[in-house]
Number of protein chains: 2
Amino acid sequence: MSILATKQKTRATYHHGDLRRELIEAAVEMLPESGMSGLSLRKLAVQAGVSHNAPYMHFSNKDALLAAIAQYGFQELRARLTEKLQEAWRDRFISGCQTYVAFGASQPELFQVMFMEHDAAKFPEMVEDSLAALQTLTDIIAVGQSEGFVRDGDAHEFATLVWSLLHGIAVLNANRQQAPLPYRQEEASEQVATFLDEILKGLGV
Amino acid sequence: MSILATKQKTRATYHHGDLRRELIEAAVEMLPESGMSGLSLRKLAVQAGVSHNAPYMHFSNKDALLAAIAQYGFQELRARLTEKLQEAWRDRFISGCQTYVAFGASQPELFQVMFMEHDAAKFPEMVEDSLAALQTLTDIIAVGQSEGFVRDGDAHEFATLVWSLLHGIAVLNANRQQAPLPYRQEEASEQVATFLDEILKGLGV
DNA sequence: GTAGAATATTGGCATTGTCAATATAAATAT
DNA sequence: ATATTTATATTGACAATGCCAATATTCTAC
């Protein structure tokens, strides 16, 4: 009965009910403090009120948990990217891009797990969800083409170009974030808009 | 005397001589197999032929070792980016960018360590070397401006734009690398060239 | 209701990061 | 040259962790 003990659930039933989901959510919560390699299956277990080995029913090892976290992240990202569908195209495009960068800035450790090296063969569902997230960008680009904002060409290639840029911005900003000066969210959004202007000069009609 | 024992040095002197350097080099070598979190200070120690706690003379903890590895990576990257200075500007620019992406593809784990979250306050030399690497790109852009290949503007901002794009390409390619189909180096270089064409349409005069 | 599958527990082990105390060598001062 | 201080390396120890094996409990089909 340590005073410092983190909240840990108790339960009446032998079976937990939804341990897998709870472990993932708890992991995402713990991630900012612990970092990727500081994540502990055992800690997650006791926090969920189960024994230290219960997680192994749901994840064959730590890599599998990390893949599940990454998958969760891609689903989350996709959900945010598919919001704000009623705006005009260019605004929608820009704010979608800003959302991407903001997502990385708000949860850098999750972002890191999402883009660490996973075993694609072992975790195909995760790969699928990552591609689904990219697809939203491709879709926006394709719409931009049909509405005359983007010139003709391989929409997927254009999307990859933009995605690459966004990802780079996100990572570089994440590193700057713990520089002495506090990093401002608005600056990042402004930077994204500026950079996209440059890119759109190339991609525009 | 295990048959599987990795090569481990023996030495006559009590003092190793250059343990810090050797640990970093051994770590970079071990990185591809072990990954960032699989790196073991103890294994590195025995491989260098010292006791399991000798590394703590040179690195206060594992984070410090990772920062040193990152710093090594940035120095290495900068060295490669400053080669091929006799080519024409546009070729030099493109091949510099391709070098960046190729570097990430050839040593993805090192790349990951370089761009993981480090404590910038604790490891200022590493930050310095990372900025020095970025500076090479800024320099190339500035030369491009003076030679009329790039329009006027903040060279550092342009460099950040290009750097962001390159970094994104590198990361996304690293993930694709362990997809079923073997990833080709030439494809990546071609992709870089294509994307840079689009960017240069925006940045060009 | 019973068999078997799914889930959770207990116990254990090797590896690892890190601390404390000690030993040895090198550098420096006297 | 010798003594003192500093740098470096060793030994021993401990708690935390990933993961394996064996066992117990509950749920699901039939």
Side-chain angles (χ1 to χ4, degrees), chain A residues 2 4-6 8-27 30-31 33-69 109 113 116 118-119 122-123, chain B residues 2 4-6 8-27 30-31 33-69 109 113 116 118-119 122-123:
Chain A
S2 161
L4 292 175
T6 60
Q8 53 182 352
K9 308 198 173 176
T10 52
R11 67 186 197 285
T13 57
Y14 184 88
H15 281 23
H16 177 283
D18 203 0
L19 182 56
R20 185 188 153 90
R21 162 182 295 276
E22 179 164 340
L23 287 173
I24 295 175
E25 286 174 0
M30 181 178 289
L31 207 44
E33 326 163 35
S34 67
M36 181 181 63
S37 59
L39 264 192
S40 159
L41 287 176
R42 294 175 94 111
K43 273 184 190 157
L44 290 173
V46 303
Q47 191 173 359
V50 296
S51 75
H52 69 264
N53 262 352
Y56 283 86
M57 266 316 114
H58 306 278
F59 306 101
S60 62
N61 55 28
K62 192 175 175 179
D63 284 344
L65 172 66
L66 289 174
I69 294 172
E109 295 85 5
V113 173
M116 66 177 280
H118 293 281
D119 191 327
K122 282 187 184 166
F123 310 113
Chain B
S2 160
L4 293 176
T6 60
Q8 54 181 352
K9 308 198 173 177
T10 52
R11 67 186 198 286
T13 57
Y14 184 87
H15 280 25
H16 177 282
D18 203 0
L19 183 56
R20 185 188 154 89
R21 163 181 295 276
E22 179 164 337
L23 286 173
I24 294 175
E25 287 174 358
M30 183 178 289
L31 207 44
E33 325 164 36
S34 66
M36 182 180 62
S37 61
L39 264 191
S40 159
L41 287 175
R42 296 175 93 112
K43 272 184 190 158
L44 291 172
V46 304
Q47 191 173 359
V50 297
S51 75
H52 71 264
N53 261 353
Y56 282 84
M57 267 314 114
H58 306 277
F59 306 101
S60 61
N61 54 28
K62 192 175 176 181
D63 284 346
L65 172 66
L66 289 173
I69 294 172
E109 295 84 6
V113 172
M116 67 177 280
H118 293 282
D119 190 328
K122 281 186 184 167
F123 311 113

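Just so we're on the same page: letters track the sequence lines, and every chain starts at 1. Heavy atoms only: backbone and side chains are in, while hydrogens, waters and symmetry mates are out.
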* Indicate whether OP1 or OP2 belonging to C/dG17 is found under 4.0 Å from a side-chain N or O atom of B/S40. => yes
* Quick one: which of C/dA8, C/dT18, D/dC19 gets closest to the side chain of A/M57? -> C/dA8
* Where the side chain of B/H52 is defined as all heavy atoms beyond and including C-beta, which of C/dT18, C/dT9, D/dC19 is the nearest nucleotide? -> C/dT18
* Residue pair B/N61 / B/L41, side-chain heavy-atom distance below 4.5 Å -> no
* Quick one: B/N61 CG to C/dT16 C1', roughly how many Å, whole number? -> 14 Å
* Spacing between B/M36 atom CE and C/dT16 atom C1', to the nearest angstrom -> 16 Å
* Structure fact -> By nearest-heavy-atom nucleotide on DNA chain D, the more 5' of A/S60 and A/G38 is A/G38
* **A/K62 side-chain N/O to A/S40 backbone N/O, donor-acceptor pair under 3.5 Å** => no
* To do: May I have the distance from A/L23 (atom CG) to C/dT7 (atom P), rounded to whole angstrom?
  => 13 Å
* To do: Give the rounded distance in Å between these two atoms: CZ of B/F59 and P of D/dT8.
  => 12 Å
* Structure fact -> note: B/L19, atom CG; C/dA25, atom P; distance rounded to Å ~ 17 Å
* Asked: Between C/dG17, D/dG18, C/dT9, which one does the side chain of B/Y56 approach most closely?
  -> C/dG17
* Candidates C/dT18, C/dT16, D/dT11 - which lies nearest the side chain of B/S51 -> D/dT11
* Please confirm whether the backbone N or O of B/A67 pairs with a side-chain atom of B/K122, one donor and one acceptor, at under 3.5 Å? => no
* What is the distance, rounded to the nearest whole Å, between atom CE of B/M30 and atom C1' of C/dT15? -> 13 Å
* Asked: Considering only heavy atoms from C-beta outward, does the side chain of A/K43 approach that of A/H52 to under 4.5 Å?
  -> no
* Pick base, sugar-phosphate or nothing for A/L39, based on heavy-atom distances below 4.0 Å to the nucleic acid. => sugar-phosphate
* In terms of side-chain heavy atoms of B/R42, which of C/dT18, D/dG18, C/dA8 is nearest? -> C/dT18
* So does B/K43 get a side-chain nitrogen or oxygen closer than 4.0 Å to the phosphate oxygens (OP1/OP2) of C/dT15? -> no
* Asked: At what distance, to the nearest 0.5 angstrom, does CZ of B/R20 lie from NE2 of B/H58?
  -> 8.5 Å
* **A/L65 CG - D/dT17 C1' separation (whole Å)** => 14 Å
